Amino acid sequence: MATPPTFTPATEDELAALDELGKEGTWSVGGFEQKLTNLDKVLFPPSSDHPDDPPITKRELIRYCVRIAPTLLPHLRDRALNMQRFPDGVGGPSFWQKQLPPTAPAWLTRWRETGVEDHRAPNMHLVADRVATLAFLGNQAAFEFHPWTSRIDRPWEPTFALIDIDPGERTTWEETLVLARLYRTALDHLGVIGCPKTTGKRGIQVWIPIVRSYTYQETSAWVEQISRAVGAIVPDLVSWEWSKADRKGKARLDYTQNASIKTLVAPYAVRPSAGAPVSAPISWDELDDPDLRPDRWTIRDVVDRVAERGDLFAGAVSLAQELPTL
DNA sequence: GTCCCAA
DNA sequence: TTGGGACAACGCGAA
DNA sequence: TTCGCG
């Protein structure tokens, strides 16, 4: 696949030029020029933990997008990207976008969906494979990145089995951690490496990188089996009810995201909440850190965390495991 | 956020 | 010139 | 077959 092997970060000069733009203007980053608009528009109010911090503008979002790009792009390259867009930021309406408008900049990499069932037309998807593309996404307020779990050369074969711990209204953070630790024990027992991350909202996910020989039906069944076993250990914390109302505030262990076209929020993606929290990869040990929170890292500090710790989700790109028979 | 089309 | 609509759609289980 | 759900 003709994508660059490494992703060069935005230069200091490019970042300075972003700061010097007025409320809109043409910006050159990573070798491509594009028009940026409404740079001083507030997209995120400060979080309640830091109410005196300045709010987060679109300019700051774009700055984050290009600074995290070298770490994020390996997770997005070669994958169709579903965009969830929040043109008015937190609290405003959002919408999904799969089809890239023909009027979008010509230099964006596109992939026309193949192998689609007869009843719908194939979409022309965006593939994020450049620093400049991340700036484009920031300008579009498309900051909640949802890459497909397959790669575009074999779009109907997943590269991940996905564990999604979705807390109910009555689930505490400590209970969410209990569930995550049970998955940790289960995967350890099976000799399978999973990549855990916070969601930036309330949950925790584990992405398990796999060889491309499984169907979605198989990955879904595999994750369901483990999840049922986890749930059986702490039945008071988990509900298997489909209807939200019948769940009584309990957590859902949602294996049904292991399906074609469905997506989970990407590592380092920004969530539409005050303070711009991100979905942050963690080490398994951090489940025992009393300071861990599901929204602990934001666009203001996750780049520094990556500088210190590296990409804790690197295994999601480099590993390809068999799923042991259960 | 941006395009498109109707008014 | 302005304003409103469009911008996704799988698969599971219950009704 | 449709509806709720993520």
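Keep in mind that this is a model prediction, so the values were computed, not measured.
The neighbour count for A/Glu24 CD, taken as heavy atoms of other residues, nucleotides or ligands under 6.0 Å away, is above 12.
Remark: the backbone N or O of A/Thr298 is paired with a side-chain donor or acceptor of A/Asp301 at under 3.5 angstrom. Side chain of A/Ser220 to backbone of A/Tyr216: no donor-acceptor contact under 3.5 angstrom is found. A/Arg67 contributes no side-chain N or O that, together with a main-chain N or O of A/Ile299, makes up a donor-acceptor pair within less than 3.5 Å. Between the A/Arg300 side chain and the A/Gly275 main chain, no donor and acceptor come within less than 3.5 Å of each other.
For A/Arg85 and B/dT2, the CZ to C1' distance is 7 Å, given to the nearest whole Å. Between the NE2 atom of A/His146 and the C1' atom of C/dC10 there is a distance of 15 Å, rounded to whole Å. To the nearest angstrom, P of B/dG1 lies 18 Å from CG of A/Leu100. Rounded to a whole Å, the NZ atom of A/Lys35 is 12 Å from the C1' atom of B/dG1. Atom P of nucleotide C/dA9 and atom CE of A/Met83 are separated by 13 Å, given to the nearest angstrom. The distance between atom CD of A/Glu224 and atom C1' of C/dG11, rounded to the nearest whole Å, is 13 Å. Separating the CD atom of A/Glu241 from the P atom of C/dC12 is a distance of 18 Å, rounded to the nearest angstrom. We find that CD of A/Gln97 is positioned 11 Å from P of C/dA9, with the value rounded to whole Å.
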Practice task
Decide yes or no on side chain to side chain contact (heavy atoms under 4.5 Å, CB included) for A/Val234 and A/Glu175, but give the supporting numbers first.
Solution key: CA-CA 10 Å; A/Val234 284; A/Glu175 289 167 346; over 6 Å; no

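Within residues 249-263 of chain A, the residues having any heavy atom closer than 4.0 Å to DNA chain C are, in order of number, A/Ser260, A/Ile261, A/Lys262.
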Restricting both atoms to N or O, compile the protein contacts to nucleotides 3-5 of chain B shorter than 3.5 Å, with distance only.
none

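As judged by a 4.0 angstrom heavy-atom cut-off over every strand, A/Leu162 is placed among residues making no nucleic acid contact. Residue contacts for A/Thr37: at a heavy-atom cut-off of 4.0 Å it reaches the sugar-phosphate backbone alone, with no base atom in range. In this structure, A/Lys58 reaches the sugar-phosphate backbone alone: every heavy-atom distance under 4.0 Å involves primed, P, OP1 or OP2 atoms, never a base.
Among residues two or more places apart in sequence or in another chain, the side chain to side chain contact (heavy atoms under 4.5 Å, CB included) test is passed with A/Lys201 by A/Thr199, A/Arg271, A/Pro272, A/Ser273.
Of the candidates C/dG13, C/dA8, B/dG1, the closest approach to any side-chain atom of A/Lys98 belongs to C/dA8.
Comparing C/dC7 with D/dG6, their P atoms are spaced 23 Å from each other, to the whole Å. The C1' atoms of C/dA9 and B/dC3 are separated by 23 Å, rounded to the nearest whole Å. B/dT2 and C/dC10 have their P atoms separated by 29 Å, with the value rounded to a whole Å.
Identified under the ring pair (Phe, Tyr, Trp, His ring centres under 6.0 Å) test for residues 286-326 of chain A, with sequence neighbours left out: A/His75-A/Phe313, A/Trp207-A/Phe313. Applying the ring pair (Phe, Tyr, Trp, His ring centres under 6.0 Å) test to residues at least two apart or on different chains, the pairs with a partner in residues 44-74 of chain A are A/Phe44-A/Phe143.
Counting heavy atoms from C-beta outward, A/Val127 and A/Thr133 have side chains that stay 4.5 Å or more apart. In this structure, the side chains of A/Glu218 and A/Leu323 stay at 4.5 Å or more apart for every pair of heavy atoms.
In this structure, A/Asn123 does not reach the C/dC7 phosphate: none of its side-chain N or O atoms is under 4.0 Å from OP1 or OP2. Between A/Asn38 and B/dG1 there is a side-chain polar atom (N or O) within less than 4.0 angstrom of OP1 or OP2.
The footprint of chain A on DNA chain D, defined by a heavy-atom cutoff below 4.0 Å, extends from D/dG4 to D/dG6.
Under 4.0 Å is where a charged nitrogen must lie from a carboxylate oxygen, and between A/Asp288 and A/Arg184 at least one such pair does.
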